[in-house]
> 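One structure follows; several queries about it will come next.
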Amino acid sequence: AQSVAQPEDQVNVAEGNPLTVKCTYSVSGNPYLFWYVQYPNRGLQFLLKYITGDNLVKGSYGFEAEFNKSQTSFHLKKPSALVSDSALYFCAVRGVYGQNFVFGPGTRLSVLP
Amino acid sequence: GAVVSQHPSWVICKSGTSVKIECRSLDFQATTMFWYRQFPKQSLMLMATSNEGSKATYEQGVEKDKFLINHASLTLSTLTVTSAHPEDSSFYICSATPGQGNNSPLHFGNGTRLTVT
């Protein structure tokens, strides 16, 4: 069965510092991995995805994520955090065989000025 | 591109009434749409997969007679919460993907906040 873990409920970081939001996954076969961001009372916005190829994926708003097959991880990163990055972040996985998307529990990121 | 529009953004209704939520793909056709429910400070729970021209596929534990889904066209799916009760109060979000491949991301509507009094 597919699963996604985001071990941190909350991540706090100072503005201008690098940020990391962690994600690990379990899926049969090769994974398709996604990151989404959710602002209050809004739907989810797609940030980036990993399909195949380079392990470092670049996405919207300066975010990037690194796929690590041996650690089954797909951590979201940004070199310099902005206060406006404060939101709820979801990692999601889908297997190559077309299973449903499975979302992690979410991590709330707070960027402090 | 790949815009999903959801309406209404919020609704307050009395217990026992029914509420319809619409989900439209504005610039692409979607044979499949997904309906999620999100509780406060929790992740998304997939309720059902809406299939154009056929019956929806409901996840285990979701009452199909309570949450009626209709996908009458390639750009519109509706979720009707029938005989709503306060425990149905939640944030409902729809999504769809414009691509055919399994690696296409989901695109989400802005959600509907339902409050049942």
> What pairs meet the disulfide (SG to SG under 2.5 Å) rule with one or both residues in residues 7-54 of chain A, with sequence neighbours excluded?
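Counting only pairs at least two positions apart or across chains, the disulfide (SG to SG under 2.5 Å) contacts touching residues 7-54 of chain A are A:C23-A:C91.
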
> For the ring pair A:F103 and B:Y36, is the centre-to-centre distance below 6.0 Å?
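Here the rings of B:Y36 and A:F103 have centres that are less than 6.0 Å from each other.
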
> If hydrophobic clusters are built from ILVMFWY residues whose side chains come within less than 4.5 Å, do B:I93 and B:V81 share one?
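Cluster IDs for B:I93 and B:V81 differ.
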
> I need the residue from B:C94, B:G111, B:P105 with the largest number of non-hydrogen atom pairs under 4.5 Å to chain A.
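Most pairs with chain A among the choices: B:P105.
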
> Between B:Q38 and A:L88, does the side-chain contact (heavy atoms from CB on, under 4.5 Å) criterion hold? Intermediate values first, please.
CA-CA 13 Å; B:Q38 186 178 28; A:L88 190 56; 4.2 Å; yes

> Do B:F34 and A:N100 have side chains that get closer than 4.5 Å, going by heavy atoms?
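A side-chain contact under 4.5 Å exists here.
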
> Should A:Y61 and A:V57 be counted in the same cluster of Ile, Leu, Val, Met, Phe, Trp and Tyr side chains packed under 4.5 Å apart?
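Yes.
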
> Please check if B:F28 and B:F108 belong to a single hydrophobic cluster, counting links between Ile, Leu, Val, Met, Phe, Trp and Tyr side chain heavy atoms closer than 4.5 Å.
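In one cluster with B:F28: B:F108, no.
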
> Which heavy atom in B:S104 sits nearest to a heavy atom in A:K49, and how many Å separate them?
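Residues B:S104 and A:K49, closest heavy atoms: CA-NZ, 4.3 Å.
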
> Please classify the contact between A:Q38 and chain B as side chain, backbone, both or neither, with a heavy-atom cut-off of under 4.5 Å.
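Answer is side chain: those atoms of A:Q38 sit under 4.5 Å from chain B.
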
> Are B:V19 and B:L68 joined in one hydrophobic group, where the rule is that I, L, V, M, F, W and Y side chains link up if heavy atoms are under 4.5 Å apart?
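No, it is not one cluster - the side chains of B:V19 and B:L68 are not joined through contacts under 4.5 Å.
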
> Does a sphere of radius 6.0 Å around CZ in A:R42 hold more than 12 heavy atoms from other residues, nucleotides or ligands, not counting ones at 6.0 Å or beyond?
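Incorrect, the count does not exceed 12.
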
> Rounded to the nearest 0.5 Å, what's the gap from CZ on A:F101 to OG1 on B:T97? Could you check?
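The OG1 atom of B:T97 is 6.0 Å from CZ of A:F101, to the nearest 0.5 Å.
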
> When hydrophobic residues are tied together by side-chain contacts of less than 4.5 Å, even through go-betweens, does B:Y58 share a cluster with A:V102?
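Looking at the clustering, A:V102 is in a separate group from B:Y58.
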
> Mind listing the closest non-hydrogen atom pair of A:P105 and B:S43 along with its distance?
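Between these two residues, the closest heavy atoms are CA-CB, 3.6 Å.
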
> Quick one: which of A:I51, A:N41, A:L44 has the most heavy-atom pairs under 4.5 Å with chain B, could you say?
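When all of A:I51, A:N41, A:L44 are compared, A:L44 has the most.
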
> Go through the steps for B:L106 and A:Y36 under the test side-chain contact (heavy atoms from CB on, under 4.5 Å), then give the verdict.
CA-CA 10 Å; B:L106 288 175; A:Y36 290 85; 3.5 Å; yes

